[in-house]
Enquirer: 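Input: one structure, supplied below.
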Protein chains: 2
Amino acid sequence: MLQLARCDQQAIDLAKAKRVQKWQRDPEGMRLRILEAAKQEFAAHGLAGARVDRIAANAGANKRMLYYHVGNKEDLYLAVLEGAYEKIRSEERGLDLEHLDPPEAIERLIDFTWNYFLRNPEFLALLNTENLAKARHLKRSTKVKSMHSPFVEMIRTVVTRGVESGDFRVTVDPVQLYISIAALCFFYLSNSATLSVIFGRDLLKKEARDERLAHMVALVLAALTGKSTADFGKAVGQGVRPPAHQPV
Amino acid sequence: MLQLARCDQQAIDLAKAKRVQKWQRDPEGMRLRILEAAKQEFAAHGLAGARVDRIAANAGANKRMLYYHVGNKEDLYLAVLEGAYEKIRSEERGLDLEHLDPPEAIERLIDFTWNYFLRNPEFLALLNTENLAKARHLKRSTKVKSMHSPFVEMIRTVVTRGVESGDFRVTVDPVQLYISIAALCFFYLSNSATLSVIFGRDLLKKEARDERLAHMVALVLAALTGKSTADFGKAVGQGVRPPAHQPV
DNA sequence: CGGGAAATTAACCCGTTGGATAAATACTGG
DNA sequence: CCAGTATTTATCCAACGGGTTAATTTCCCG
């Protein structure tokens with residue numbers, strides 16, 4: 001008792017003397033940490049499986065902070081989702097496909113999409129979660145709808161140029177083409193866990209990834225140009241080909 | 001009070017006389033109804049979002065029945081998942097690709113995969129859920145692993161035959177090819193909700209679905225055979241082409 | 001430097017949910 | 001027809017989890 005009282009007195013003295021702070025203000029930083037933690041949590045467990053307490057803990061924050069800075073669980077989720085879309089579209093805008101000749105532009109688009117998904121696995125999980133919810137939240141979002149037409153136009157331009165130059169034999173709906181490219185990348189990575197079990201291969205190891213990228217590029221370009229590249233995926237046998245292509 | 005008593009007596013009399021049964025036994029039927037309800041529930045809400053009480057209600061059963069006939073929530077989930085895999089593999093086995101010439105076999109495989117996913121949207125949702133869980137449950141399952149090699153061999157045969165006959169210009173790893181075909185179908189359907197919002201089109205309406213199937217067949221066959229089919233998706237402009245292909 | 005708004009913490013509330021228990025009821029083999 | 005087993009019902013509960021309330025601390029600016 002006496003001892004305790006002495007300690008308390010000491011603590012107070014220290015607090016006054018050295019101005020010991022229990023915490024410091026940082027609203028912007030806090031908000032970012034919250035959103036980052038939320039992204040990881042939603043990506044790892046889905047909307048229903050995510051735990052608000054875990055988000056708070058991983059953000060190094062008090063649970064109350066989530067509600068103070070962002071809102072309830074669903075607001076948090078929507079904020080994360082919007083952020084994720086903004087990020088990928090912003091990177092895509094920097095792709096600059098106009099200056100490449102069409103086949104190279106397509107290859108670059110595939111390469112980018114693949115590596116973006118590889119670098120941002122949470123993005124895949126978030127999209128799946130949102131689709132499970134039938135895009136309920138995305139529909140409410142005003143931000144997201146506007147940011148996609150420029151991208152489609154960019155692809156349309158590439159296709160048109162390719163057809164005019166004779167590089168591409170046929171014309172394609174740019175939306176279909178983009179969906180197909182995204183599909184080839186997305187499905188492989190998003191479902192790699194079950195596919196690896198089913199086919200008894202580790203689909204995420206380096207060689208497998210390189211092989212997959214080569215396969216996708218070959219598939220799409222062969223279809224568009226009619227010229228079959230040599231490397232269409234590893235042979236029917238077991239040999240593994242060296243990667244034909246490296247991330248940017 | 002008196003009235004009530006009289007009613008009770010009446011009820012008892014009726015029960016004895018007409019042998020009124022409050023319920024009748026049907027273990028197998030019950031089990032099936034439980035699994036069906038569970039499939040819908042897990043597909044609609046994911047593992048964490050699924051509610052055991054809702055499953056019971058939709059199965060027309062008491063909650064206790066789930067635990068009695070199948071097990072706890074995770075057991076239920078695994079049973080549903082295994083059932084889903086069994087169903088698609090079993091249907092695939094009936095595809096009988098051996099008797100078709102290679103390009104037709106591939107087209108048929110795409111057609112089947114597409115329509116299977118279309119008819120069984122829960123299957124897509126279940127796979128996504130399982131991948132969110134990093135295939136944790138599937139790894140535990142002994143049943144599932146074995147049933148896939150025959151299918152891969154079936155595709156391998158088609159590819160080999162195609163190369164030998166000269167129909168296909170290049171050889172392809174059958175696993176890569178199957179993943180690509182599944183990807184083109186799966187991603188479009190599984191993500192149709194968000195994609196529809198983003199691109200401002202209803203991707204599930206009849207014309208869009210027909211268009212998609214034609215696009216996928218054209219893409220894959222063009223890549224394999226080198227012969228571009230005319231119909232590679234709707235033009236760069238806005239015209240919609242009539243469906244080139246109908247479900248079986 | 002001090003008062004008040006902004007930021008943060010601590011503690012609590014309460015409906016939900018997975019799961020368990022025991023009693024009641026139907027069926028079946030002897 | 002009866003005894004024992006299989007199946008179903010009716011409750012209960014403890015843990016969890018999202019959200020809130022109120023107090024506490026920091027910082028800014030007049």
Enquirer: Scan side-chain atoms only and decide if A/D202 and A/S196 contain a donor-acceptor pair under the 3.5 Å cut-off.
Expert: no

Enquirer: Measuring from the side chain of A/M30 (C-beta onward, heavy atoms only), which nucleotide among C/dC27, C/dT17, C/dT8 has the closest atom?
Expert: C/dT8

Enquirer: Counting the atoms with a prime plus P, OP1 and OP2 as sugar-phosphate, which does A/R51 contact under 4.0 Å by heavy atoms, base, sugar-phosphate, or nothing?
Expert: sugar-phosphate

Enquirer: Using chain B heavy atoms and a threshold of under 4.0 Å, write down where along DNA chain D the contacts begin and end, 5' to 3'.
Expert: D/dT5 to D/dA10

Enquirer: By nearest nucleotide on DNA chain D, pick out whichever of B/K63 and B/P27 is the more 5' one.
Expert: B/P27

Enquirer: Have a look at the helix from C/dC1-D/dG30 to C/dG30-D/dC1 and give the angle its two end axes make, five pairs each, rounded to 10 degrees.
Expert: 10°

Enquirer: Which nucleotide wins on minimum distance to the side chain of B/R64, given the candidates C/dT9, C/dG18, C/dA22?
Expert: C/dA22

Enquirer: Is A/A48 touching bases, backbone alone, or none of the nucleic acid, heavy atoms closer than 4.0 Å?
Expert: nothing

Enquirer: According to ring pair (Phe, Tyr, Trp, His ring centres under 6.0 Å), does anything in residues 25-46 of chain B pair up with another residue at least two apart or in another chain? List the pairs.
Expert: B/F42-B/Y77

Enquirer: Select from B/R25 and B/N72 the residue whose nearest nucleotide in DNA chain C is closer to the 5' end of that strand.
Expert: B/N72

Enquirer: For the aromatic rings, using the six-membered ring if either is Trp, is the centroid distance between B/Y178 and B/F151 under 6.0 Å?
Expert: yes

Enquirer: For B/Y68 and C/dA20, give me the distance from atom OH to atom C1', rounded to whole Å.
Expert: 16 Å

Enquirer: Determine whether a donor-acceptor pair (one donor, one acceptor, N or O, separation below 3.5 Å) exists between the side chain of A/D26 and the base of C/dA7.
Expert: no

Enquirer: More than 12 heavy atoms of other residues, nucleotides or ligands under 6.0 Å from CD of A/E98: is that the case?
Expert: yes

Enquirer: Stepwise, does the salt bridge (Lys or Arg N to Asp or Glu O under 4.0 Å) test hold for A/K205 with A/D210?
Expert: CA-CA 9 Å; A/K205 68 180 178 189; A/D210 292 335; over 6 Å; no

Enquirer: DNA chain C: A/H69 or B/Y67, which has the more 5' nearest nucleotide?
Expert: A/H69

